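Notes follow the structure.
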Amino acid sequence: TSVRPHLQRVRDVMGDSSSMALLSRGEVLYLVHVSTDRRVQIDASVGTRFPAYSTSMGKVLLTGLSLAEIDRYCQRVGFIQTTGNTITDSSELKDVLRQVSERGYATALDELDYGIVSVALPIKDEVGRVIAAINCSTSTSRVSLDDMVATRLPVLREAAAAISLEIRSSRALARAMT
């Protein structure tokens, strides 16, 4: 299976970078990154890691943890404030994660670095567990957070559904062949 074509479609339709990541040792680990040729962009490639608490994909991925796992994450993470908007404590993060769970998507505005806005959705397995996240990110000079959600979320939802379907069908195929 390849997720890249789905992320490339997001990039081509919206003109923004698009990525897929999973949670690894409490960090966002990039698996796929499709960038634009814009000057302002996140320097992310396969293998890049960022703190989960300061990215839209990280927040989505953290919602896949149990409450006990989130507590353990918060105890050991060591929040580092990189901007004035960075989440800096566990109670704030837990509030945000509750909102993300209710809405079904996460956003980040000037949290990892100034000038970056993003929205992310979960990729879920056949039993509904969060196994990965995809996002769309761009410069705050291009689009507001509200516009990002309004215009990018529908395109991301299509990509998330297609990627989830591919992952499920390839797993089913692999199980059928064993």
Side-chain angles (χ1 to χ4, degrees), residues 7-65 70 73-123 130 132-157 159-160:
L7 297 178
Q8 284 172 328
R9 181 178 180 282
V10 171
R11 184 216 36 214
D12 294 347
V13 169
M14 302 311 319
D16 306 323
S17 296
S18 188
S19 305
M20 180 170 166
L22 51 76
L23 194 62
S24 170
R25 298 192 312 262
E27 294 177 310
V28 173
L29 174 63
Y30 279 68
L31 301 177
V32 182
H33 180 70
V34 180
S35 64
T36 65
D37 55 4
R38 299 188 193 288
R39 207 168 301 151
V40 178
Q41 61 184 12
I42 287 192
D43 185 23
S45 57
V46 175
T48 297
R49 291 176 174 271
F50 291 122
Y53 60 85
S54 60
T55 66
S56 59
M57 286 194 292
K59 293 174 203 170
V60 163
L61 292 165
L62 289 172
T63 65
L65 301 178
I70 290 170
Y73 170 81
C74 288
Q75 286 166 6
R76 66 170 200 270
V77 70
F79 294 94
I80 297 168
Q81 187 166 10
T82 53
T83 75
N85 289 354
T86 306
I87 292 171
T88 56
D89 69 70
S90 51
S91 61
E92 182 184 3
L93 179 62
K94 289 174 187 178
D95 287 344
V96 167
L97 294 181
R98 272 191 289 279
Q99 293 165 10
V100 170
S101 291
E102 289 166 13
R103 287 191 312 219
Y105 67 90
T107 60
L109 174 65
D110 294 333
E111 291 179 47
L112 181 65
D113 200 358
Y114 288 109
I116 298 167
V117 60
S118 65
V119 60
L121 285 173
I123 300 294
V130 176
I134 62 170
N135 83 342
C136 202
S137 63
T138 194
S139 165
T140 53
S141 63
R142 281 189 34 140
V143 65
S144 70
L145 181 61
D146 288 346
D147 286 346
M148 187 81 178
V149 170
T151 59
R152 275 60 170 182
L153 209 49
V155 179
L156 268 181
R157 282 196 171 116

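Just so we're clear, the structure is a prediction, and the values are computed from it rather than from any experiment.
Ser91 and Asp89 share a donor-acceptor pair across their side chains, judged by distance under 3.5 Å alone.
Atom CD1 of residue Ile123 and atom CD1 of residue Ile134 lie 4.5 Å apart, to the nearest 0.5 angstrom. Note that the CG atom of Leu121 and the CZ atom of Arg157 stand 6.0 Å from one another [nearest 0.5 Å]. The distance from atom CG of Asn85 to atom OG of Ser54, rounded to the nearest 0.5 Å, is 11.5 Å. We find the CG-OG distance between Leu145 and Ser118 to be 8.5 Å, quoted to the nearest 0.5 Å. Note that CD of Glu102 and OG1 of Thr63 are 11.5 Å apart. Values are rounded to the nearest 0.5 Å. Between atom OG of residue Ser35 and atom CD of residue Gln8 there is a gap of 10.0 Å, rounded to the nearest 0.5 Å.
Checked by atom type and distance alone, the side chain of Ser18 never pairs as donor or acceptor with a backbone atom of Val34 at under 3.5 Å. At distances below 3.5 Å, at least one donor-acceptor pair connects side-chain atoms of Arg49 with backbone N or O atoms of Ser24. Under a 3.5 Å cut-off, the side chain of Thr138 and the backbone N or O of Asp16 do not form any donor-acceptor pair. Between the side chain of Thr86 and the backbone N or O of Glu111, at least one donor-acceptor pair lies under 3.5 Å. Proximity of a side-chain donor or acceptor of Arg142 to a complementary backbone N or O of Gly15 within less than 3.5 Å is detected.
Contact detail for Lys59 and Leu97: the closest heavy-atom pair is O-CD2, 3.4 Å. Heavy atoms only, all atoms of each residue included: Val28 and Ala21 are closest at CG1-CB, 3.4 Å. For the residue pair Ala108 and Ser56, the shortest heavy atom distance occurs at CB-N, 3.7 Å. Closest non-hydrogen pair, Thr140 versus Leu109, comes out as CG2-CD1, 3.5 Å. Heavy-atom minimum distance, Ala133 versus Val60: CB-CG1, 3.9 Å. What you find for Val117 and Met148 is that their closest heavy atoms are O-CE, 3.7 Å.
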Please determine whether side-chain contact (heavy atoms from CB on, under 4.5 Å) holds for the pair Val10 and Arg152, giving the CA-CA distance in whole Å, both sets of side-chain angles, and the decisive distance to 0.1 Å. CA-CA 8 Å; Val10 171; Arg152 275 60 170 182; over 6 Å; no

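Here the side chains of Leu93 and Cys74 are in contact, with some heavy-atom distance below 4.5 Å. The side-chain heavy atoms of Leu7 and His33, taken from C-beta on, include no pair separated by under 4.5 Å. Here the side chains of Val100 and Arg103 are in contact, with some heavy-atom distance below 4.5 Å.
Each of Asn135, Val119, Leu62, Leu23 was scored for a side-chain contact (heavy atoms from CB on, under 4.5 Å) with Met57, with one residue passing: Asn135.
Ion pairing of Arg98 with Asp95 is present here, as a side-chain N (NZ or NE/NH1/NH2) and a carboxylate O approach within less than 4.0 Å.
Using bins of under 30°, 30° to 60° and over 60° for the plane-to-plane angle, the ring pair Tyr73/Tyr53 lands in the tilted bin.
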